[in-house]
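Notes follow the structure.
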Amino acid sequence: MDQHKTPPDTLTYESYLKIRELLDLQKPLAQPESHDEMLFIISHQVFELWFRLILHELERIVRLIKADEPREADRLLRRVTDTVRLFIPKLSVLETMIPSDFIKFRDNLMPASGFQSRQFREIEFICGVRDVRYIEMFEGNPAARERLQARMDEPSLWDHFLGMLEGRGFDVVDEESQETTVAGIYGDPKQLDLRLLCEAMIEYDEMFSLWREHHVRMAQRMIGSKPGTGQTLVEAAFDTGPLGTMGVEYLARTVGKRFFPVLWAARTHM
């Protein structure tokens, strides 16, 4: 028998989690070898695994909201928030790498870039932050383009939330009425399940924003005002022309993104 194959009736920790395959996925490129490249690869692979979990949960949350089950949606969204909460300490591990060590292998990454994380874009699209130009970054990946286009075309999590409110008789025809409705939900003890879900949504939104901000600071600490490895991709997709310090400056512009701006605006009416 092939020593690498597990008998079908013998399930082990290693075979269940595909540990052999998992540990064979780290392939540094730098020559001569750069010690910190392994840290860089593993950190980003871990993020992609967490992104996969977030997508798994968000899809379930959407189904729960469509079924008017806000309590279970609230529970799972808090799980998503706690997952995002893990991202910041993971960035601190990357920050143990000093810029001079990063430079040793950074050029090997071009033109690959975190901008090409299809799962991250899916998360944004599901949550309502959408820009068709991001799809253009996947010109050579038809499967990714198709998946992102599908996300673009379907209702967002917020759209489904509004559908649930409408199904309960609330007026949510425009942003003003949505803000008024949310403010009213907070003041109505009978709408506790909706209030808790609103709080879960805004906490998730806030945590994602805090992670974006920390990511900006980490990038600035690591590369200063150097352009990002994917600058050409972004310039082509967004038709921006040379941006010089596009790497950190672009990331800084994303900090203000909000998934659920109505929830933030509704605070003014409470």
Side-chain angles (χ1 to χ4, degrees), residues 50-87 119-135 146-213 254-270:
W50 284 125
F51 290 164
R52 184 169 186 177
L53 176 62
I54 289 173
L55 286 169
H56 178 71
E57 300 298 347
L58 287 175
E59 288 171 351
R60 175 65 175 160
I61 290 164
V62 165
R63 292 195 295 271
L64 288 167
I65 291 175
K66 288 174 66 176
D68 197 357
E69 297 182 31
R71 290 187 182 274
E72 183 64 3
D74 165 27
R75 184 181 73 86
L76 292 184
L77 191 54
R78 292 182 189 280
R79 174 186 293 172
V80 172
T81 300
D82 284 342
T83 303
V84 177
R85 201 185 311 275
L86 293 172
F87 291 177
Q119 292 195 116
F120 178 77
R121 295 303 168 200
E122 281 194 76
I123 291 170
E124 285 196 319
F125 284 14
I126 289 175
C127 295
V129 174
R130 300 174 174 184
D131 192 323
V132 70
R133 291 175 293 182
Y134 284 117
I135 301 178
E146 182 178 351
R147 192 171 178 90
L148 286 171
Q149 188 62 57
R151 297 291 192 195
M152 177 73 74
D153 295 340
E154 68 188 14
S156 68
L157 192 156
W158 178 252
D159 292 331
H160 288 298
F161 178 72
L162 293 180
M164 181 174 65
L165 294 183
E166 189 173 25
R168 291 194 177 193
F170 290 104
D171 175 16
V172 291
V173 67
D174 53 29
E175 284 197 12
E176 183 178 357
S177 61
Q178 292 165 23
E179 292 173 16
T180 302
T181 294
V182 170
I185 285 171
Y186 273 76
D188 186 352
K190 296 179 180 178
Q191 305 298 336
L192 177 62
D193 56 349
L194 294 179
R195 176 171 65 82
L196 291 175
L197 179 56
C198 285
E199 281 298 282
M201 291 168 71
I202 203 166
E203 185 177 6
Y204 164 57
D205 205 350
E206 179 184 26
M207 187 54 58
F208 215 95
S209 180
L210 289 172
W211 172 54
R212 289 185 195 273
E213 183 174 357
T254 70
V255 171
K257 288 183 177 180
R258 292 291 183 270
F259 292 148
F260 316 117
V262 168
L263 293 183
W264 296 90
R267 264 63 185 163
T268 304
H269 303 289
M270 294 181 191

Do [X] and [Y] make a side-chain contact, defined as non-hydrogen atoms from C-beta onward lying under 4.5 Å apart?
X: Ser209; Y: Lys257; result: no
X: Leu77; Y: Val80; result: yes
X: Met201; Y: Trp158; result: yes
X: Arg130; Y: Ser156; result: yes
X: Glu57; Y: Arg78; result: no
X: Leu55; Y: Trp50; result: no
X: Leu194; Y: Leu165; result: yes

**Study point:** Residue pair Tyr186 / Gln191, side-chain donor-acceptor N/O under 3.5 Å
**Key:**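 No pair is found: no donor N or O on one side chain lies under 3.5 Å from an acceptor on the other.
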Point to revise | Phe125 and Phe120 aromatic centres sub-6.0 Å | key: no
Rounded distance [0.5 Å steps], [atom1] in [X] versus [atom2] in [Y]:
X: Met152; Y: Asp131; atom1: CE; atom2: CG; answer: 6.5 Å
X: Tyr204; Y: Leu263; atom1: OH; atom2: CG; answer: 13.0 Å
X: Leu197; Y: Ile202; atom1: CG; atom2: CD1; answer: 12.0 Å
X: Thr83; Y: Met207; atom1: OG1; atom2: CE; answer: 11.0 Å
X: Thr181; Y: His269; atom1: OG1; atom2: NE2; answer: 10.5 Å
X: Leu58; Y: Arg60; atom1: CG; atom2: CZ; answer: 13.0 Å

Would you call [X] and [Y] a salt bridge, taking side-chain N to carboxylate O under 4.0 Å as the test?
X: Arg75; Y: Glu72; result: yes
X: Arg212; Y: Glu206; result: no
X: Lys190; Y: Asp188; result: no
X: Arg52; Y: Glu122; result: no
X: Glu124; Y: Arg151; result: no
X: Asp82; Y: Arg85; result: yes

Review point. Hey, does the side chain of Thr180 reach the backbone of Glu176 with a donor-acceptor pair shorter than 3.5 angstrom?
Key: yes
Review point. Do Asp171 side-chain atoms and Ser177 backbone N/O form a donor-acceptor pair below 3.5 Å?
Key: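 No.
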Point to revise | Neighbour count >12 (heavy atoms, 6.0 Å) for atom CD, Glu175 | key: no
**Study point:** Other residues, nucleotides, ligands: >12 heavy atoms within 6.0 Å of Glu154 CD
**Key:**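 It does: Glu154 CD has more than 12 such atoms within range.
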Review point. Would Phe259 and Trp264 satisfy side chain to side chain contact (heavy atoms under 4.5 Å, CB included), going step by step from the backbone distance to the final call?
Key: CA-CA 10 Å; Phe259 292 148; Trp264 296 90; over 6 Å; no
Which pair of heavy atoms, one from [X] and one from [Y], lies closest together, and at what distance?
X: Ala200; Y: Asp74; value: CB-OD1, 3.3 Å
X: Val182; Y: Cys198; value: CG1-SG, 4.4 Å
X: Ala73; Y: Leu64; value: N-CD1, 3.7 Å
X: Val172; Y: Gln178; value: O-NE2, 3.3 Å

Check your understanding: Can you name the salt bridge (Lys or Arg N to Asp or Glu O under 4.0 Å) partners of Arg168, sequence neighbours left out?
Key ->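 So Arg168 forms a salt bridge (Lys or Arg N to Asp or Glu O under 4.0 Å) with Asp68, Asp193.
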Review point. Taking it one step at a time, do Glu59 and Lys66 satisfy salt bridge (Lys or Arg N to Asp or Glu O under 4.0 Å)?
Key: CA-CA 11 Å; Glu59 288 171 351; Lys66 288 174 66 176; over 6 Å; no
Exercise for review: Tell me, with the steps shown, if Leu157 and Phe260 meet side chain to side chain contact (heavy atoms under 4.5 Å, CB included).
Suggested key: CA-CA 9 Å; Leu157 192 156; Phe260 316 117; 4.0 Å; yes
